[in-house]
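My questions all concern the structure below.
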Amino acid sequence: MAAGIVAPFKVMAVQVTIYLTEGDSLHHRPLHLEILKYLREENVFGAVAFHAVAGFLGRGEVHTAHLVEAGGELPVMISFVDTDEHVNRVLPKLREMAAHRLIVRENVVIEQGSLDRGCSHPAP
């Protein structure tokens with residue numbers, strides 16, 4: 001390796017994806033917001049909810065943002081990456097909160113960045 005070039009330091013982590021619909025709720029609040037609130041309270045490194053413009057769940061019909069009658073059936077995905085230990089700690093509650101929905105867990109490699117909780121924004 002040439003002088004001055006640092007080999008990338010790859011870190012193993014776990015990515016969790018939860019598949020919901022916009023109509024899912026918990027305590028009369030949107031389930032995706034309740035899950036994000038829980039993950040924040042549990043100090044998960046970061047999480048994001050993606051609201052689909054079209055899609056389907058459970059082999060159902062395709063719903064799109066253009067259908068007035070979609071009625072809260074558009075998919076919402078929540079995704080987060082954290083350490084195996086942290087994921088193991090929050091998964092039981094997530095299974096309870098979204099008992100009727102698909103939750104996928106996969107081992108991933110962090111190619112860039114880190115799960116260092118002290119740094120939430122990249123340096124300028």
Side-chain angles (χ1 to χ4, degrees):
M1 189 168 290
I5 298 176
V6 179
F9 183 73
K10 295 182 181 182
V11 176
M12 295 302 297
V14 176
Q15 180 172 341
V16 176
T17 305
I18 305 169
Y19 294 86
L20 309 169
T21 68
E22 62 187 355
D24 289 331
S25 65
L26 182 67
H27 308 300
H28 306 293
R29 288 182 35 104
L31 181 56
H32 65 280
L33 295 178
E34 289 295 304
I35 289 174
L36 289 174
K37 178 182 170 190
Y38 168 71
L39 293 173
R40 179 65 191 109
E41 290 169 354
E42 292 299 318
N43 201 30
V44 166
F45 181 73
V48 63
F50 298 99
H51 190 242
V53 295
F56 65 94
L57 291 176
R59 296 186 179 87
E61 66 182 73
V62 174
H63 296 278
T64 72
H66 302 292
L67 291 176
V68 174
E69 67 274 5
E73 294 302 318
L74 286 173
V76 175
M77 271 180 22
I78 295 176
S79 182
F80 68 95
V81 177
D82 212 320
T83 63
D84 186 55
E85 177 184 351
H86 212 143
V87 168
N88 286 336
R89 189 167 56 77
V90 299
L91 264 180
K93 178 69 173 179
L94 293 174
R95 287 186 193 112
E96 179 184 316
M97 294 173 81
H100 60 295
R101 293 300 183 199
L102 180 66
I103 299 175
V104 178
R105 171 195 177 123
E106 55 190 321
N107 293 330
V108 295
V109 176
I110 296 176
E111 292 285 338
Q112 184 170 307
S114 76
L115 295 176
D116 178 13
R117 282 162 173 50
C119 179
S120 60
H121 300 287

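Source: prediction; values computed, not measured.
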Which residues pass the side chain to side chain donor-acceptor pair (under 3.5 Å) test with Arg89, not counting sequence neighbours?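 Glu42, His86.
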
*Say you draw a straight line from CG of Leu36 to CG of Leu31; how long is it, rounded to the nearest 0.5 Å?*
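Output value for this atom pair is 9.5 Å.
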
Supply the atom-to-atom distance Ile78 CD1 to Arg101 CZ, rounded to the nearest 0.5 angstrom.
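With rounding to 0.5 Å, CD1 (Ile78) is 12.0 Å from CZ (Arg101).
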
Minimum heavy-atom separation for Leu91 to Val16, with atom names?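 The answer is CD2-CG1, 4.4 Å.
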
Exercise for the section: For the pair Asp82 (side chain) and Val87 (backbone), establish whether a donor and an acceptor sit closer than 3.5 Å, ignoring hydrogens and angles. Expected result: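 No, Asp82 side chain to Val87 backbone: no donor-acceptor pair under 3.5 Å.
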
| Closest approach of Gly46 and Phe80, non-hydrogen atoms and distance? |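 Closest approach of Gly46 to Phe80, heavy atoms only: O-CB, 3.0 Å.
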
- Task: Could you tell me which residues satisfy side chain to side chain donor-acceptor pair (under 3.5 Å) with Arg95, sequence neighbours excluded, listed by chain and number?
- Result: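 Here no residue qualifies.
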
### Message
For a quick test of reading the model, state the closest non-hydrogen atom pair linking Met97 to Leu26 and the distance between them.
### Response
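Of all heavy-atom pairs spanning Met97 and Leu26, the closest is CE-CD2, 3.7 Å.
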
*side-chain contact (heavy atoms from CB on, under 4.5 Å) with Ala52: which residues, sequence neighbours excluded?*
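By the side-chain contact (heavy atoms from CB on, under 4.5 Å) rule, Ala52 matches Pro75.
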
**Item:** Pairwise distance CG(Asn107) to CG(Asp84) - rounded to 0.5 angstrom
**Value:**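 Between Asn107 CG and Asp84 CG, I get 7.0 Å after rounding to 0.5 Å.
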
Open item on the list: My understanding is that only residues two or more places apart in sequence, or in another chain, count here; which of them pass salt bridge (Lys or Arg N to Asp or Glu O under 4.0 Å) with Lys93?
Closed with: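 Counting only residues at least two positions away or on another chain, Lys93 forms a salt bridge (Lys or Arg N to Asp or Glu O under 4.0 Å) with Glu96.
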
Is it true that atom CD of Glu85 has more than 12 heavy atoms of other residues, nucleotides or ligands lying nearer than 6.0 Å?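 No, not enclosed.
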
Side chain to side chain contact (heavy atoms under 4.5 Å, CB included) assessment of Asn88 paired with Arg105: CA-CA 10 Å; Asn88 286 336; Arg105 171 195 177 123; 2.8 Å; yes

Using the rule given for side chain to side chain contact (heavy atoms under 4.5 Å, CB included), can you reason through Val11 versus Leu115, listing the C-alpha separation, both sets of side-chain angles and the distance that settles it, and then say yes or no? CA-CA 9 Å; Val11 176; Leu115 295 176; 5.5 Å; no

List for me each residue that meets side chain to side chain donor-acceptor pair (under 3.5 Å) alongside His100, sequence neighbours excluded, and say none if there are none.
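Testing His100 for side chain to side chain donor-acceptor pair (under 3.5 Å), a comparison that skips the adjacent residues, returns Asp24.
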
Please name the pair of heavy atoms, one in Ile103 and one in Leu94, separated by the smallest distance, quoted to 0.1 Å.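 Minimum heavy-atom contact is CD1-O, 3.8 Å.
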
Who pairs with Ser79 by side chain to side chain donor-acceptor pair (under 3.5 Å), at least two apart in sequence or on another chain?
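With neighbours one apart ignored, the set is Gln15.
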
- Query: How long is the span from the CE atom in Met12 to the CD1 atom in Ile110, to the nearest 0.5 Å?
  - Reply: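 Those atoms lie 9.5 Å apart.
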
For this session: Consider only side-chain heavy atoms of I, L, V, M, F, W and Y, link residues closer than 4.5 Å, and tell whether Val48 and Met77 are in one cluster.
Result: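 They do share one cluster, since a chain of ILVMFWY contacts under 4.5 Å joins Val48 to Met77.
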
